[in-house]
Student: 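Take a look at this one; I'll ask things after.
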Amino acid sequence: MNPKRTIGIGKTCPVFLAASILTVIFVASKPAAGTFQVDSKSKGLQFSERLISADYTYGYGIAAGDLDGDGDLDLTSSDCTTAGSRKHNDIHWYENDGKGNFKRGYLAKDDWYGRYERHQLADINRDGRPDLVSVDNFFGSVVWFENPGHPTDGQLWKRHAITEGGLLGAYDVDVADLDGDGDPDVAASSWRLGNRFVWFANPGTTQGRDWELHLIDDDQAETRAVCIADFNRDGRPDVLGAVNAAGIVLWYENSGQPAARSWKRHVIDLAGRPMHGHPVDLDGDGDLDVTMAFYSQQVVWYENSGKPGQGARWGKHTIAADFPQGFEVVAADLDGDGDQDVVATAAENGQIAWFENRGDPRGAWLKHLLKTPWSNAFQVIAADLDGDGKLDIAAASKEELRWWKNGGSGKD
């Protein structure tokens, strides 16, 4: 296991252009035998909760990466409000001392009255340092902030526009080289005001060029998650999407010429209100499966049983049948047993839990509750924040940022 691996907000997933062809390839399978809960203080894995900040007004997005080049994982977190006496729009970065103690600084502060939310860390200008790409949900913008190389000096990062107001309801982002030209492009969703999946071509070093917007799909009722990954194993990054109001989980196939050709649309499932999930090889068979949290109360995973170059077929398996207002689910080997466990958040009812994979992800999962009530639990990541080789958990709620130290089983 790479101890610096980050899963979730600091994810690396792939994106692309929409096709008029609707391909539904869904294979129903029997749900898991059912999920049952065990106490968070069980004989198994132990987590200890750590508060990072409790003074947010609208925390939403987080990411992890080595921003200052000192070898440990720092955190970024957005916070904003457009009402009341505390109007602000900030992106914090938290300097890690290497042991999971965090000192807050600002990457962006009082940046007009926008609403920075979900974001990604990626080296946009290829200078070897992680930059930050974020949506501004209030103004419908997508922007990136340039890492100055010495973020501990307290200076705000230079803001660059990808689109200013050109993506109404800008909601989620991911970063990958979609067109194969060697630089990172940006994919985004646009919530219920825009109802689109799009991608923006990185102009690279060409002077005076803007990021060009390309459509993946439109007229999709409330686009939420967007994530980039190669689902059919053809060597090209595809795009995973969740359409909340219409109840669609789907992926878009990259033709290899995403700026010139439409993206072929493949429906994974028609169900519920999907929110956020991620690509992961959950069953260890070499292809990418998909986890997904549903606001309509489930946490599931979809088994990719396709063959390389021949599309992907999907079987649905239940991780948790009763998880009201599920918001996000990420996968990580938390207990170090070689298989992928998952962590999930629930929004307004408020909880965060991890589900133990007992070796067969098609069977029953064990639920371990980390915190409840925890109102408006949103984004979650798994990352080794204290450098001990074990994956920890960090998550943002509306008012707080917390992390859970992975203490292992007590036997190591």
Side-chain angles (χ1 to χ4, degrees), residues 5 7-8 11-16 18-19 21-32 174 176 178 187 197 216-217 224-243 247-256 258 263-272 274-294 298-320 326 328-333 338-344 355 357-365 382:
R5 186 183 179 196
I7 302 145
K11 68 183 192 288
T12 303
C13 311
V15 178
F16 317 114
I21 303 172
L22 172 63
T23 306
V24 180
I25 317 179
F26 176 72
V27 181
S29 70
K30 224 176 182 179
D174 202 6
L178 298 178
F197 294 113
I216 297 173
D217 203 356
R224 290 281 186 163
V226 65
C227 196
I228 301 169
D230 181 7
F231 290 107
N232 56 359
R233 290 187 287 176
D234 64 356
R236 297 189 289 263
D238 309 304
V239 175
L240 172 70
V243 184
I248 310 172
V249 181
L250 71 173
W251 70 281
Y252 296 93
E253 184 177 349
N254 187 343
S255 68
W263 294 72
K264 187 176 181 180
R265 187 175 190 259
H266 301 268
V267 171
I268 296 172
D269 195 8
L270 300 170
M275 294 292 289
H276 290 279
H278 300 281
V280 60
D281 183 5
L282 204 61
D283 54 7
D285 66 353
D287 54 34
L288 287 174
D289 311 302
V290 172
T291 61
M292 188 60 62
F294 284 80
Q298 285 188 325
V299 178
V300 307
W301 72 280
Y302 297 98
E303 181 180 357
N304 182 347
S305 55
K307 296 180 180 180
Q310 296 180 20
R313 300 177 64 84
W314 305 91
K316 184 176 182 178
H317 305 280
T318 302
I319 295 172
E328 184 157 33
V329 57
V330 298
D333 183 6
D339 54 38
Q340 298 290 315
D341 310 297
V342 302
V343 189
F355 296 86
N357 182 345
R358 299 192 296 169
D360 180 5
R362 301 169 189 84
W365 294 64

Student: Identify the two heavy atoms, one from G338 and one from D333, that lie closest to each other, and give their separation to 0.1 Å.
Tutor: N-OD2, 2.9 Å
Student: Between V267 and I248, is there a side-chain heavy-atom distance shorter than 4.5 Å?
Tutor: yes
Student: Taking V330's backbone N and O only, do any of them form a donor-acceptor pair with T291's side chain (distance below 3.5 Å, no angle check)?
Tutor: no
Student: Return yes if some donor-acceptor pair links the side-chain N/O of D230 with the main-chain N/O of G235 below 3.5 Å, else return no.
Tutor: yes
Student: Show the nearest heavy-atom pair for residues D269 and Y302, with the distance to one decimal.
Tutor: OD2-OH, 2.7 Å
Student: So which atom in R358 and which in D339 form the shortest heavy-atom distance, rounded to 0.1 Å?
Tutor: C-OD2, 4.3 Å
Student: Determine yes or no for a side-chain-to-main-chain donor-acceptor pair under 3.5 angstrom, with N304 supplying the side chain and L288 the backbone.
Tutor: yes
Student: For N254 and L178, indicate whether the former's side chain and the latter's backbone hold a donor-acceptor pair under 3.5 Å.
Tutor: yes
Student: Give, for atom CD of E303 and atom CH2 of W314, the distance between the pair rounded to the nearest 0.5 Å.
Tutor: 10.0 Å
Student: Just how far is it from atom NE2 of H317 to atom CZ of R362, taken to the nearest 0.5 Å?
Tutor: 5.5 Å
Student: Taking all non-hydrogen atoms of both residues, which atom of G241 and which atom of F197 are closest, and how far apart?
Tutor: CA-CZ, 3.7 Å
Student: Identify the residue among H266, R236, R265 that makes a side chain to side chain donor-acceptor pair (under 3.5 Å) with E253.
Tutor: H266
Student: State the CG-CE distance between L240 and M292, to the nearest 0.5 angstrom.
Tutor: 5.0 Å
Student: Where is the tightest heavy-atom contact between F294 and P274, given as atom of each residue plus distance?
Tutor: CD2-N, 3.5 Å
Student: What distance separates Q298 CD from T318 OG1, expressed to the nearest 0.5 Å?
Tutor: 5.0 Å
Student: Hey, which of V280, V290, V299 is the one that makes side chain to side chain contact (heavy atoms under 4.5 Å, CB included) with V329?
Tutor: V299
Student: Would you name the heavy atoms of G277 and A225 that are closest together and state the gap between them?
Tutor: N-CB, 4.3 Å
Student: Is there a donor-acceptor contact under 3.5 Å from the side chain of D341 to the main chain of V343?
Tutor: no
